[in-house]
Amino acid sequence: MITAAGARSICRKVMQIAGKRKAEVILSAEETGLTRFANNAIHQNVTQSDVSVSIRAILGKKTARTNTNRLDRGSLEEAVERAFEVATIQEPNPELLPLPSAQKYRRVRSYFGGTARSTPAERAAAVKGAVGICKKQGASAAGAFSTEANLLAVGNTRGLFAAGRSTLSSFSVTVELDGAAGWAQEMATDVSEVDSRSAAGRAVAKALASRKPKGVEPGEYEVILEPAAVGDLVLMLGYYYADAFNAMAYMERRSPFSGKLGKRVLGRNFSLTEDPFHGLLPGRGFDLEGMPRKRVGLIEKGVLRALVHDRVTAKKMKTRSTGHAGPQPAPSGANVSSLVVSPGGATVEGMVGRSKRGILVTHFHYTNMVDVSKLIATGMTRDGTFLVENGRIIGPLRNMRFTQSLSEAFSNIVEVGKEQVLCEGFFGGGVVATGMRIKDFTFSMKRNSEEVRACRSLRTGRLGLQRSRAQRTLK
Amino acid sequence: MRVVELTSQSLSVRNGKIAQCSWSESVGFGVRVIVDGAWGFSAGAKLTKGGIEKTTRRAVEVARASASLKCGSVTLAAEAPHQDTWVAPQIVDPFSVPVEEKLQLLFSVDKVLRKGKKVAVAGSRMGFRREKILFANSEGALIRQVLVRSGAGYTVTASSGGEIQDRSYPCSFGGQHSAMGYELIGGLALLENAERIRDEAEALLRAAGCPSAEKDVIIDGPQLALQIHESCGHPSELDRVLGMEANFAGTSFMTPEKMGKLRYGSRLVNLVADTTLPTGLATRGFDDEGVAAQRWHIVKDGILVGYQTSREVAPVVGEKRSRGCARADGWWSVPMIRITNLSFMPGDWELEELIGDTKDGVLLSNNRSWSIDQRRLNFQFGTEIGWEIKKGKVGRMLKNPTYQGITPKFWASCDAICNERHWKPWGVVNCGKGQPMQVSAMTHGTSPARFRKVTVGVQNK
């Protein structure tokens, strides 16, 4: 994989080509491997590597960008000249700021050589171990084990240069048994911390416990959400759809929190930070303009304390950039990418133990925002949903749809979990989340007779690919 | 092996300023192998002898790792090794049109949109893409293809007193896209509709909320396109049916033993897959396994009769040949089954007639939110705008309309479909599938249609 020195060399080449003109370059390199399995067998196994540059030309208040993965001198010259050619015919952008000068950055340790050097054979062995655990119970496992290494560098003609590497590994598994399902995931920047067998064991346990589910009526329930479920809701708040912490969205009155800086927006027991330096996250110390990233306390005990800024919004709101710029120009503003839920003192088991009547949720499926202004979200429960009564799990439940205001949910938190876990949202993105116990959570729809009928033959008639390979044809 | 050269251009104007003006190119190749009866794939950008050899060796290494946990060996349905060239038709090469001309149109639209006093954000955009693909396999296939895509649209966000409403044109998710050249743009009437869309966004701030009730709904083209996509497109991908997506997007209720038997919808419902559809975003001469494009029914007269397949899984449902649905979203990705162009065949109603025939209903337009369960049964959609229909007349505007249902019950309630005059192919460019995620594009042609007794207005408390 390209090193920081190699990235600097390419950035320098681009700056040399730009000459006395102003330019900026973002270099992105990745090497990924992913081993995917279903029906207890590996069915898709891929590796990929690429290095690309995004070159921005600046002519006064005009700017334009070209992107290429052709890194020979001739192609870079072509890309630079095209960027300047297109910049020439732009309308001037009065908000365009000069390039920043060289900066200093906080060091972030999120690169582990073991993850970067992971081989297909190692991933396959880990998958085999996990599948073995599932097979012992007569279950069918599907999942994915990925390892990736990334390098990002930013440079400009004012002498700024920043480069950072990160790695990430993720193992997730869905186990199906007698029509029931369980799920678990482990993510870490260091692949040695990802235990595929442990994840498989937890998913199998959930699948075993989920057989013969019953239904409950739609309505308001206390919920105990495992960290993956909380993470998905938090990501909807900040990372996709709601733009709740984006300073530009705030100023444009399209954030659900517009006008509420310094005011209570969520419950007193909810605190959320944007923390690119958190040990669990694959963070980096700079943004896509090369400005240093900062830790930002977004919500402190329910009060909206801060937003994330790039230099444009910082200037408008007379504050400093928090180092969250995307590729410039970015008139839609800056975005969070390293959300961390502050921990409380409870365990998920403890929260279950203190619940008189509630629903334990493993994770959600296909979550989406229905109404941004009221933060109303919807989604389904999935792969391990259980009824809790008098402090005990008394049985599995059929999956249900929720339709719930996130501001109400995060204002109705009864307890916050103490264990922070790196999770992934349904639409991607990473978040460090905890479990939570929340009261008055609305489930709007339960599985009904039509659904049960439509699914019935899944239990008896579903064919895995392994049967198809044995039979070849279905008559 | 697939060698792909991808060129794209993206332009957008936001609140009077250029938000994006970029030109991108990416060149690389992907190699897929079967070794020891298992798949391996590797991709790289170094198109040199050494680079290709290294990447191919990597693919073999990956396949050997796969073979350590396989169940049976991969065998593929036969396909004649085609040697051919296919070029997407276009009238005006979008990359030949000056950037100034494109920006001028976007700025003109932007100016109209921002005249609204309650408009917080006006965003207009255009995008163009060309893919040159060279495919070859060890069976002797050698295929060259050139695919083109153009798209444009805008969204206006109105905000007042904590209320936020969006209106988009011609449809959501960045606008309308087609496998056409720049000639698409003129036909979209972007400027002509800007005032109406702006006024509707502002009117939504004052509109009544959608009532919670059971209503007859008439769903317009763009929203019905997404309904088709989520409730028929994905569940008829045979790899998903066989469990290969179980860990991420889920499985499907349309299992193979139901083929020819499952009543998916009313007898009016015909859903046709067509990789030959003119201007379709999934249209091409051959898929990324070298299988020639085809047209076939997924649902015929309301009965499930077909699937979207690849060479590996077609035999599972007794088909000797793949339907040619394997596509990769770039040189860096492995081909997998993707939804092809999947369309709802027209009926014989005029839209005015259909509205006139509806006593108590809601007319729903343009997607805003979407959610469906992992078996593709329980869904909930929200649209940007709706209108009440009372005694055959369109009445008051409704904000935040949502509807929910169970897929086969919903499609069984379809009792009227508008005719060919109202049929349009709607492009979807943000279809996500797979691990690692791939984003693909396809077209869903549809006319507006009516569905009886649908739950609308899902409320939170």
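Residue numbering restarts at 1 for every chain, and letters A, B, ... go by the order of the sequence lines.
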Got a second to check how far Trp332(B)'s CH2 is from Thr47(A)'s OG1, nearest 0.5 Å?
15.0 Å

In Å and rounded to the nearest 0.5 Å, what is the CH2 to CZ distance from Trp39(B) to Arg36(A)?
15.0 Å

Ranked by heavy-atom pairs below 4.5 Å to chain A, first place among Ile164(B), Leu47(B), Asn15(B), Thr407(B) goes to Ile164(B)

For the interface with chain A, which of Ser369(B), Gly16(B), Ser159(B), Ser333(B) has the highest count of heavy-atom pairs at distances below 4.5 Å?
Ser159(B)

Using heavy-atom distances under 4.5 Å, tell me whether Glu230(B) contacts chain A through its side chain, its backbone, both, or neither.
side chain

In Å and rounded to the nearest 0.5 Å, what is the CZ to CZ distance from Phe41(B) to Arg32(B)?
8.5 Å

Greatest number of heavy atom pairs closer than 4.5 Å to chain A - which of Met437(B), Lys17(B), Gln435(B):
Gln435(B)

One option among Asn93(A), Thr174(A), Asn67(A) has the most heavy-atom pairs under 4.5 Å with chain B, and it is Asn67(A)

Are Asp243(A) and Arg254(A) close enough for a salt bridge, meaning some N to O gap below 4.0 Å?
yes

Apply ring-ring contact (aromatic ring centres under 6.0 Å, His included) to the pair Phe441(A) and Phe402(A), showing each step before the final yes or no.
CA-CA 8 Å; Phe441(A) 195 87; Phe402(A) 74 86; 5.4 Å; yes

Side chain, backbone, both or neither: which part of Val62(B) has a non-hydrogen atom closer than 4.5 Å to chain A?
both

Heavy-atom distances under 4.5 Å only: say whether Arg263(B) touches chain A with side chain, backbone, both or neither.
neither

Using the rule given for salt bridge (charged side-chain N to carboxylate O under 4.0 Å, His left out), can you reason through Glu61(B) versus Arg58(B), listing the C-alpha separation, both sets of side-chain angles and the distance that settles it, and then say yes or no?
CA-CA 5 Å; Glu61(B) 179 192 352; Arg58(B) 199 82 209 263; 3.2 Å; yes

Could you tell me which of Thr68(A), Val131(A), Val175(A), Val51(A) has the largest number of non-hydrogen atom pairs under 4.5 Å with chain B?
Thr68(A)

Turns out that what part of Val119(B) lies under 4.5 Å from chain A's heavy atoms comes down to backbone

Between chain A and each of Asn247(B), Val13(B), Val334(B), Thr7(B), count heavy-atom pairs under 4.5 Å; write down the option with the most.
Asn247(B)

With a 4.5 angstrom heavy-atom cut-off, could you sort out which part of Ser52(A) is near chain B: side chain, backbone, both or neither?
neither

Sort out for me which of Ser75(A), Ala64(A), Ser49(A) touches chain B most, counting heavy-atom pairs under 4.5 Å.
Ser49(A)

In this structure, OG of Ser405(A) is separated from CG of Leu375(A) (nearest 0.5 Å) by 6.0 Å

Side chain, backbone, both or neither: which part of Met259(B) has a non-hydrogen atom closer than 4.5 Å to chain A?
neither

Once the angle between the rings of Phe253(B) and Tyr264(B) is folded into 0 to 90°, is it parallel (under 30°), tilted (30 to 60°) or perpendicular (over 60°)?
parallel

In terms of heavy-atom pairs under 4.5 Å with chain A, the winner among Gly382(B), Ser26(B), Ser12(B), Ser10(B) is Ser26(B)

Exam field: side chain Arg401(A) to backbone Asn378(B), donor-acceptor pair closer than 3.5 Å:
yes

Under a 4.5 Å heavy-atom cut-off, does chain A meet the side chain of Ala38(B), its backbone, both or neither?
neither

Evaluate the side-chain proximity of Thr35(A) to Lys128(A): yes if any heavy-atom separation is below 4.5 Å, no if none is.
no

Charged N-O contact under 4.0 Å between Glu78(A) and Arg70(A)
no

So for Thr381(A), is it side chain, backbone, both, or neither that comes closer than 4.5 Å to the heavy atoms of chain B?
backbone

Chain A contact via Glu245(B) - side chain, backbone, both or neither, heavy atoms under 4.5 Å
both

Point-to-point distance, once rounded to the nearest 0.5 Å, from CE of Met380(A) to CD of Gln380(B)
10.0 Å

Heavy-atom pairs under 4.5 Å with chain A - which of Val99(B), Leu103(B), Thr157(B), Ile372(B) has more of them than the others?
Ile372(B)

Contact origin within Val86(A) toward chain B - heavy atom pairs under 4.5 Å
side chain

Please state whether the side chain, the backbone, both or neither of Lys62(A) comes within less than 4.5 Å of a heavy atom of chain B.
neither

Contact leader toward chain B among Glu95(A), Gln185(A), Lys374(A), Arg123(A), where contacts are heavy-atom pairs under 4.5 Å:
Glu95(A)

For chain B, find which of Thr32(A), Ile89(A), Thr66(A) contributes the most heavy-atom pairs closer than 4.5 angstrom.
Ile89(A)

Counting C-beta onward and ignoring hydrogens, is there a side-chain heavy-atom pair between Gln90(A) and Thr63(A) closer than 4.5 Å?
no

Applying a strict 4.5 Å limit to non-hydrogen atoms, the region of Arg382(A) in contact with chain B is both

What part of Gln104(B) gets closer than 4.5 Å to chain A, counting heavy atoms only: side chain, backbone, both or neither?
neither

Structural part of Phe107(B) lying under 4.5 Å from a heavy atom of chain A
side chain

Look only at the side chain of Arg240(B) and the backbone of Thr251(B), and say whether a donor-acceptor pair between them is shorter than 3.5 Å.
yes

With a 4.5 angstrom heavy-atom cut-off, is it the side chain or the backbone of Ser255(A) that approaches chain B, or both, or neither?
backbone

Heavy-atom cut-off 4.5 Å, strictly under: side chain, backbone, both or neither for Gln44(A) against chain B?
side chain

Interatomic distance, Glu252(A) atom CD to Ser258(A) atom OG [nearest 0.5 angstrom]
9.0 Å

